[in-house]
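A short write-up of the structure that comes next.
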Amino acid sequence: MTISGVALLAICTLLGGYLGDLLGALLGVKANVGGVGIAMLLLIAARLWLVRRGYFSHGLRLGVEFWGSIYIPIVVAMAAQQNVVAAVKSGPLVLLAGAGAVAICFVAVALISRLGGTAETMDEIEAREAIAQEAARVAAGDVS
């Protein structure tokens with residue numbers, strides 16, 4: 001049933017919120033730290049576990065896909081209820097963690113772009129295909 005997928009999401013959301021609060025308490029921050037992200041990771045892990053064991057029924061899949069299709073609004077709504085001001089007032093650790101996360105993302109993007117090598121742009125691909133089509137037309141004797 002579709003309601004089973006919704007129930008799975010609810011369980012993951014509650015666990016993620018609890019674990020985020022627990023992580024915040026362990027770090028000395030009076031706020032939920034990463035509860036939304038933890039909830040989404042739990043949902044992914046639960047789905048993979050159910051698929052591997054053959055328990056991922058059609059109804060369960062529909063419930064999970066339903067929420068997956070509106071993932072962004074849910075994350076925005078859940079994140080909006082977190083008290084950022086209280087987190088920042090709790091200490092400099094929050095600012096340091098935020099700056100660190102941004103720096104890590106910048107480094108990761110730079111690293112991935114260098115490891116990926118050079119890629120053709122869409123203009124280069126279209127130009128190459130146009131040249132190939134023109135060469136094929138000339139080779140076939142269709143000169144118009």
ILVMFWY network linking [X] to [Y], side-chain heavy atoms under 4.5 angstrom:
X: L42; Y: I11; answer: yes
X: V102; Y: V33; answer: no
X: L14; Y: L9; answer: no
X: I112; Y: I104; answer: no

Closest contact, heavy atoms only, [X] versus [Y]:
X: G16; Y: I38; value: CA-CG2, 3.8 Å
X: S113; Y: A110; value: OG-O, 2.8 Å
X: A39; Y: T13; value: CB-CA, 3.8 Å

Is E124 reaching over with its side chain to a backbone N or O of T121, donor-acceptor style, under 3.5 angstrom?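 Yes, because the side chain of E124 sits within donor-acceptor range (under 3.5 Å) of the backbone of T121.
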Would you mind reporting whether L50 and L8 have side-chain heavy atoms less than 4.5 Å apart?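 SC-SC contact between L8 and L50 confirmed.
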Side chains of V51 and R47: closer than 4.5 Å at any heavy-atom pair?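 V51 vs R47: side chains touch.
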Say you draw a straight line from [atom1] of [X] to [atom2] of [Y]; how long is it, rounded to the nearest 0.5 Å?
X: L41; Y: L19; atom1: CG; atom2: CG; value: 11.0 Å
X: L111; Y: L115; atom1: CG; atom2: CG; value: 4.5 Å
X: R128; Y: Q133; atom1: CZ; atom2: CD; value: 11.5 Å

